[in-house]
Amino acid sequence: MSSKAAAKSNAPATLYVVATPIGNLGDMTFRAVECLKQASLIACEDTRTSQVLLAHYGIASPTISFHEHNRAARVPELIARLKAGESVALISDAGTPLVSDPGETLVKAAWEAGITVTPIPGASAAIAALSAAGMAAEGFFFAGFLPTKPAERRARLSLMRALPVTVILYEAPHRIADTLRELAALLGDRPATLARELTKKFEQFHHGTLHTLAQMVAAQPVKGELVLLIAPAASEAALADEALIDQMITDALRRLPKSAAAAEVARATGLPREEIYARTLTHPRQA
Ligand code: SAM
């Protein structure tokens, strides 16, 4: 189906994954409005939340709730309706569905059932933040919300530590102070930007480092929705293998006491000083 045809009427038996605004209702695309108007059914993360948007654009298509807690029952129901020839549009409360939002199981099931899946692209907080933060953007790692289970969280943070690209995180305002402190300790004190309330009245970008941003939010708690962007691992040395780091520690320990050696190696590698210091404690000192 051509894009022109898509703008006029939805193809039957198609699942449309439709992005909606992340705060500013004006950020709805023309195609998204048309698609939702033509949909046989709109699957909404929260029907009441979406009603504000739908009413704003005069969209009267029937809605049905689709979220983490009812997806087991809803996926087969929606797939059956798609197979019967209906066109279904999936939206979340804000931004692009599946991006830290429900929808993955439905999209997978649709492909498995041979149903056409089509994105109607638009806003996403991660990309909006990246586009205006002024940080490296040729490549990036979208980490979503960090896992809360300690083992999974450690694994995610250790994966992030040496990445040579900007890392983008979502975080809740009541957790941001602790998360910034934890990130500064584990990733080293990197340049970072905290983007707040994007596209809304109180939109703000705070530029600093993980440490200065942690101090800022500790002094003055932030409210609203947040995206955190963290600069790539500081230097090539951050990617160095264990042997090279050991060699650097050996060299530093020849000249300096442990804490000064740890500080020097931490600066050179971009790795946390505490971690390097711990390694100096068990490091065989060279003559
Ligand atoms: N699907 C959405 C997207 O495409 O960005 C993300 C949904 S996720 C459940 C919600 C999180 O996205 C918020 O907690 C916040 O971290 C981020 N977010 C959403 N809207 C935002 C905004 N206007 N400004 C800053 N961050 C936002």
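Every heavy atom of this structure was used, including side-chain atoms; hydrogens, water molecules and symmetry mates were not. Every number for a ligand or one of its atoms is a count from 1 in the order of the listing.
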If only atom types and distance count, is the side chain of [X] paired as donor or acceptor with the main-chain N or O of [Y] below 3.5 Å?
X: Arg196; Y: Gly224; result: no
X: Asp101; Y: Ser92; result: no
X: Ser61; Y: Leu36; result: yes
X: Ser124; Y: Gly95; result: no

Shortest protein heavy-atom distance from [atom], along with the residue and atom involved:
atom: atom 10 (C) of ligand 1; result: Phe145 CZ, 4.1 Å
atom: atom 16 (O) of ligand 1; result: Leu226 O, 2.6 Å
atom: atom 4 (O) of ligand 1; result: Ser124 OG, 2.7 Å
atom: atom 7 (C) of ligand 1; result: Asp101 OD2, 3.4 Å
atom: atom 24 (N) of ligand 1; result: Leu198 N, 2.8 Å
atom: atom 20 (N) of ligand 1; result: Glu225 OE1, 3.3 Å
atom: atom 26 (N) of ligand 1; result: Val227 CG2, 3.4 Å
atom: atom 2 (C) of ligand 1; result: Ala94 O, 3.2 Å

(message) Could you check whether Glu77 pairs with Arg74 (Lys NZ or Arg NE/NH1/NH2 to Asp/Glu carboxylate O, under 4.0 Å)?
(response)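 Salt bridge between Glu77 and Arg74, a charged N being under 4.0 Å from a carboxylate O: yes.
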(message) Does this structure show an ion pair linking Lys108 with Glu104, if we count only N-O contacts that are shorter than 4.0 Å?
(response)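 Salt bridge: yes.
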If you count the atoms of ligand 1 from 1 in the order shown, which ones are under 4.0 Å from a heavy atom of [X]?
X: Lys200; answer: 23 (N)
X: Glu171; answer: 16 (O)
X: Thr96; answer: 1 (N), 3 (C), 4 (O)

(message) One residue to check: Glu203. Relative to ligand 1, which of side chain, backbone, both or neither has a non-hydrogen atom less than 4.0 Å away?
(response) neither
(request) Flag the pair Leu78 / Leu90 as yes when at least one side-chain heavy-atom distance between them is below 4.5 Å, and no otherwise. (result) no
(message) Any heavy-atom pair between the side chains of Arg153 and Thr179 that's under 4.5 Å?
(response)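 SC-SC contact between Thr179 and Arg153 confirmed.
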(message) Quick check: closest heavy atoms across Arg71 and Pro76, and the distance to 0.1 Å?
(response)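 Heavy atoms only, the tightest pair is O-CD, 4.3 Å.
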(message) If I compare all heavy atoms of Gly144 with all of Ser100, which pair ends up nearest, and what's the gap?
(response)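 Result for this residue pair: CA-OG, 3.7 Å.
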Mind checking whether [X] has an N or O less than 3.5 Å away from an N or O of ligand 1?
X: Val99; value: yes
X: Ser92; value: no
X: Gly95; value: no
X: Ala126; value: no

(request) Under the salt bridge (Lys or Arg N to Asp or Glu O under 4.0 Å) rule, what do Asp251 and Arg254 come out as? Steps first, then yes or no, please. (result) CA-CA 5 Å; Asp251 291 344; Arg254 282 201 186 108; 3.2 Å; yes
(message) For atom 27 (C) of ligand 1, which of the options Ala125, Pro173, Gly23 provides the nearest non-hydrogen atom?
(response) Ala125
(message) For atom 12 (O) of ligand 1, which of the options Tyr170, Phe202, Phe142 provides the nearest non-hydrogen atom?
(response) Tyr170
